[in-house]
Amino acid sequence: MLDKQSHIPMYVQIEEELKRRIKDGEVAVGTAIPSERELTEQFGVSRMTVRQSITNLVNEGLLYREKGRGTFVASQKVEQPLNGLTSFTEDMKARGLTPSNKVIQFEKMLPEPDISAELQLKPGEEVFKVERIRYANEKPMALERTYLPAKLFPGIDEQALDGSLYSLIESGQQSISHASQRMEAALVRKEEAELLQIAMPSAILIIERISYLTNGTPFEVVRSIYRADRYKFVTEIQR
Ligand code: 16G
């Protein structure tokens, strides 16, 4: 398993091997990794070397230690910056993950008054209501309900939303400018838990976004439900 002739230090090789086991799901989130003694035997290295690898992985947040109990696999979270107006597809690709979607609802309808107001629609103007489960490497990450003004998206269909909405918009005449966003924590509901494949009760983060084109027209109202065990939101702040 390890290459003792390699110029790559043993502790780095062990880190890589443990990372691979975590990534491939050989050791599940929340379960203990083998003890230092067992790893020492498995890899045929000194205990010091094993300890160094584990400490590095703890520092990276991939593992966590519990006093007297052992070392466990931490949940693998995506770090999502909050200061850019990016799409799910871009976010996942930027991390080397493969995004995919499942459209579970696609409907043309008259919106509720609050949605209509947020999209600055006139009475009687319709929207497309789209619900998508968003996956990274085939694992459910988020659930998204999007309202799009029908007049801005003539000819859009369910299939188009299998891919990226933002690249669809930007491949046309329009360009995306800014958005306003609110975020809050909640507990997942039963129907959502099933779609996201998480247990009840689980924490989620709800982000509501209204996004605008450069000409000032709002083009989407979105309610995204993110799995709290898969996401960590990061931002830079200045004083
Ligand atoms: C993100 C946006 C959502 C947007 C979607 C487009 C948040 C909170 N939400 O999920 O507003 O509609 O990306 O993604 O970030 P797409 O271009 O991959 O369809």
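Each residue takes its place number in the sequence, starting with 1. Counting convention: from 1, in listed order, for ligands and their atoms alike.
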Asker: Heavy atom under 4.0 Å from ligand 1: found in Ile207's side chain, backbone, both, or neither?
Answerer: side chain

Asker: Taking non-hydrogen atoms only, is Ser224 closer than 4.0 angstrom to ligand 1 via side chain, backbone, both or neither?
Answerer: side chain

Asker: Where is the nearest protein heavy atom to atom 12 (O) of ligand 1: which residue, which atom, and how far?
Answerer: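 Atom 12 (O) of ligand 1 sits closest to the protein heavy atom Glu220 OE1, 2.6 Å.
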
Asker: Take atom CD of Gln173 as the centre, draw a 6.0 Å sphere, and report whether it contains more than 12 heavy atoms from other residues, nucleotides or ligands.
Answerer: no

Asker: Among all protein heavy atoms, pick the one closest to atom 10 (O) of ligand 1 and tell me residue, atom and distance.
Answerer: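 Among all protein heavy atoms, the one nearest atom 10 (O) of ligand 1 is Glu144 OE2, 2.6 Å.
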
Asker: Roughly how far, to the nearest 0.5 Å, is CD of Gln197 from CD of Glu192?
Answerer: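 The CD atom of Glu192 sits 14.5 Å away from the CD atom of Gln197.
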
Asker: How many angstroms lie between CG in Leu39 and OG1 in Thr71, if you round to the nearest 0.5 Å?
Answerer: 9.0 Å

Asker: Taking only non-hydrogen atoms of Arg132, do any sit less than 4.0 angstrom from ligand 1?
Answerer: yes

Asker: Suppose we call two aromatic rings close when their centres sit under 6.0 Å apart. Are Tyr226 and Phe233 close by that rule?
Answerer: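 Ring centres of Phe233 and Tyr226 closer than 6.0 Å.
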
Asker: Do Arg209 and Thr146 have a side chain donor and acceptor closer than 3.5 Å?
Answerer: no

Asker: Output yes when the distance from some N or O of ligand 1 to some N or O of Ser211 is under 3.5 Å, and no in every other case.
Answerer: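 N/O-N/O distance below 3.5 Å does not exist for this pair.
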
Asker: Return the closest protein heavy atom for atom 1 (C) of ligand 1 as residue, atom name and distance.
Answerer: Phe88 N, 3.6 Å

Asker: Could you tell me whether some N/O pair between Arg209 and ligand 1 is separated by less than 3.5 angstrom?
Answerer: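 Arg209 vs ligand 1: N/O contact under 3.5 Å present.
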
Asker: At less than 4.0 angstrom from any non-hydrogen atom of Tyr226, what atoms of ligand 1 do you find?
Answerer: 7 (C), 8 (C), 9 (N), 10 (O), 15 (O)

Asker: Is there a nitrogen or oxygen of Leu165 sitting under 3.5 Å from a nitrogen or oxygen of ligand 1?
Answerer: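 Yes: some nitrogen or oxygen of Leu165 is under 3.5 Å from one in ligand 1.
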
Asker: Is Arg134 near ligand 1, meaning one of its heavy atoms is under 4.0 Å from it?
Answerer: yes

Asker: Does the N or O separation between Tyr166 and ligand 1 drop below 3.5 Å for any pair?
Answerer: yes

Asker: Give a yes or no on whether a salt bridge exists between Arg95 and Glu79, defined as a side-chain N under 4.0 angstrom from a carboxylate O.
Answerer: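 A salt bridge is absent here (no side-chain N lies under 4.0 Å from a carboxylate O).
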
Asker: Looking only at N/O atoms, are Val222 and ligand 1 under 3.5 Å apart anywhere?
Answerer: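 N/O-N/O distance under 3.5 Å: no.
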
Asker: Considering residues, nucleotides and ligands other than Lys102, do more than 12 of their heavy atoms fall under 6.0 Å from its NZ?
Answerer: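 Open.
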
Asker: Give, for atom CZ of Arg51 and atom CZ of Arg47, the distance between the pair rounded to the nearest 0.5 Å.
Answerer: 5.5 Å

Asker: Please state which protein non-hydrogen atom is closest to atom 17 (O) of ligand 1 and give its distance, to 0.1 Å?
Answerer: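 Of the protein heavy atoms, Ser164 OG, 2.5 Å lies nearest.
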
Asker: If you round to the nearest 0.5 Å, how far is CG of Leu165 from CZ of Phe128?
Answerer: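 Taking CZ in Phe128 and CG in Leu165, the distance rounds to 12.0 Å.
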
Asker: Counting only heavy atoms, which portion of Phe219 has something under 4.0 Å from ligand 1: side chain, backbone, both, or neither?
Answerer: neither

Asker: Got the closest protein heavy atom to atom 18 (O) of ligand 1, with its distance?
Answerer: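 Of the protein heavy atoms, Thr89 OG1, 2.4 Å lies nearest.
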
Asker: Just verifying a value: how many Å separate Lys93 NZ and Leu97 CG, rounded to the nearest 0.5 Å?
Answerer: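 Here the interatomic distance stands at 12.0 Å.
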
